[in-house]
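Below: one structure, written as structure tokens.
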There are 2 protein chains.
Amino acid sequence: MTSGPNLNFMSKNHLYKGTLQSVLLKLLSEEGRMYGYELSKKAKAMTNGDLDITEGSLYPALHKLEAQGLVEAEIEMIGKRARKYYRLTESGGREAKDRIEELTEYVRNLQMFLKPNLGNG
Amino acid sequence: MTSGPNLNFMSKNHLYKGTLQSVLLKLLSEEGRMYGYELSKKAKAMTNGDLDITEGSLYPALHKLEAQGLVEAEIEMIGKRARKYYRLTESGGREAKDRIEELTEYVRNLQMFLKPNLGNG
DNA sequence: AAATATACATAGCTTTCTTATGCATATGTT
DNA sequence: AACATATGCATAAGAAAGCTATGTATATTT
């Protein structure tokens, strides 16, 4: 690496704390069926490279969602490699809807907080 | 209170995880000089009642900001009661500016994430 | 061949926040 | 007067979330 240094230091992940489950549910509710690695890449792409979900967060989070009955998994072999696809359960679908609303309101509130004068604009 | 029950249960605080210091710095950068209790009330008012900064979060956070040299405190007696006013230091002012930018970008990214099709609207 | 990307997983740690508790004064209600 | 609520600060103990580090293995690119 002579020319392009890795800019992976100083990620802004800390702000996303508390949003991870909601983010995963949102993606699954749109794409229908995704696997872990795919989820993390998609999340990153959709947040301008800001949200870098590490494996240490991602997989435990997915397992937790599964344990809560919000998603269900299915392993698919791609050549010799196993891929674990997740999709929302019925209750997961309802939960996703709620979480997305909650996230949306949260964003609206943060925006109001940042620009109180433009709150109703 | 016979008619209006307390709706203090089920706060949505969890989403705000990671934003507390930034929120405090933002308020101080606008108001110039505030005390703890005032900060928590103002934050709540500015987020539609959503962000309820408890004392157990608030005071340790302020102490940490002080230890980092970002704010400085001054005790003022109101009658017999002590009030601790905080204001940004010079480096705190710079930090506040950075944090506010970061928060703004974060909100922008979350919004893009929630409505990718309206991203450039 | 070596490096990087894909793909999953878990243990241990740190940070952040919540709950619970404590103390004290001021104000409003009955 | 008594009681409840609001104001105002503080800390200890615990929970929750996420990060770092590590492990394993296949696929692709250089």
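Labels below follow one simple rule: chain letters A, B, ... track the order of the sequence lines, proteins then strands, and each chain is numbered from 1.
- Axis angle between the ends of the helix from C:dA1-D:dT30 to C:dT30-D:dA1, five pairs each and rounded to 10 degrees, works out to 30°.
- Rounded to an integer number of Å, the gap from CG of B:N13 to P of D:dA16 is 15 Å.
- Under a 3.5 Å cut-off, the side chain of A:T47 and the backbone N or O of A:A43 do form a donor-acceptor pair.
- Nearest nucleotide to the B:S57 side chain, out of D:dC19, D:dG18, C:dT18: C:dT18.
- Remark: P of C:dT16 and CG of B:D52 are 20 Å apart, rounded to the nearest angstrom.
- In this entry the distance linking NZ of B:K17 with P of D:dC19 reads 12 Å, nearest Å.
- Between A:M77 atom CE and D:dA27 atom C1' there is a gap of 13 Å when expressed in whole angstrom units.
- If you check every strand for non-hydrogen atoms under 4.0 Å, A:I53 touches nothing.
- In this entry the distance linking CD of B:E76 with P of C:dT25 reads 19 Å, nearest Å.
- Judged as a salt bridge (Lys or Arg N to Asp or Glu O under 4.0 Å), and not counting sequence neighbours, the contacts of B:E76 are B:R33.
- Under the 4.0 Å criterion applied to side-chain N and carboxylate O atoms, A:R99 and A:E95 are assigned as salt-bridge partners.
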Along nucleotides 3-9 of chain D, 5' to 3', which nucleotides get a B, which get an S, and which get a -, given that the test is a protein heavy-atom distance under 4.0 Å?
---SBSB
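- In this structure, B:M112 is not a member of the same hydrophobic cluster as A:Y16, with clusters built from ILVMFWY side-chain heavy atoms closer than 4.5 Å.
- Applying the ring-ring contact (aromatic ring centres under 6.0 Å, His included) rule to pairs touching residues 57-77 of chain A yields nothing, sequence neighbours excluded.
- Closest approach of A:I53 to A:S40, counting heavy atoms only: O-CB, 3.9 Å.
- A sub-4.0 Å separation between OP1 or OP2 of C:dT15 and a side-chain N or O of B:K64 is absent.
- In this structure, B:E66 places its CD atom 13 Å from C1' of D:dA10, rounding to the nearest Å.
- No donor-acceptor contact under 3.5 angstrom links the side chains of A:H14 and B:Q21, judged on distance only.
- The CG-P distance, from B:L62 to C:dC17, rounds to 12 Å in whole Å.
- One atom, CE of A:M34, and another, C1' of C:dT6, lie 15 Å apart when rounded to the nearest Å.
- Residues passing the salt bridge (Lys or Arg N to Asp or Glu O under 4.0 Å) test with A:K84, sequence neighbours excluded: none.
- Both B:G56 and A:Y16 lie close to DNA chain D; mapped to their nearest nucleotides by heavy-atom distance, the more 5′-ward contact belongs to B:G56.
- The ring-ring contact (aromatic ring centres under 6.0 Å, His included) contacts involving residues 65-88 of chain A comprise A:Y35-A:Y85, where partners must be two or more places apart or lie in separate chains.
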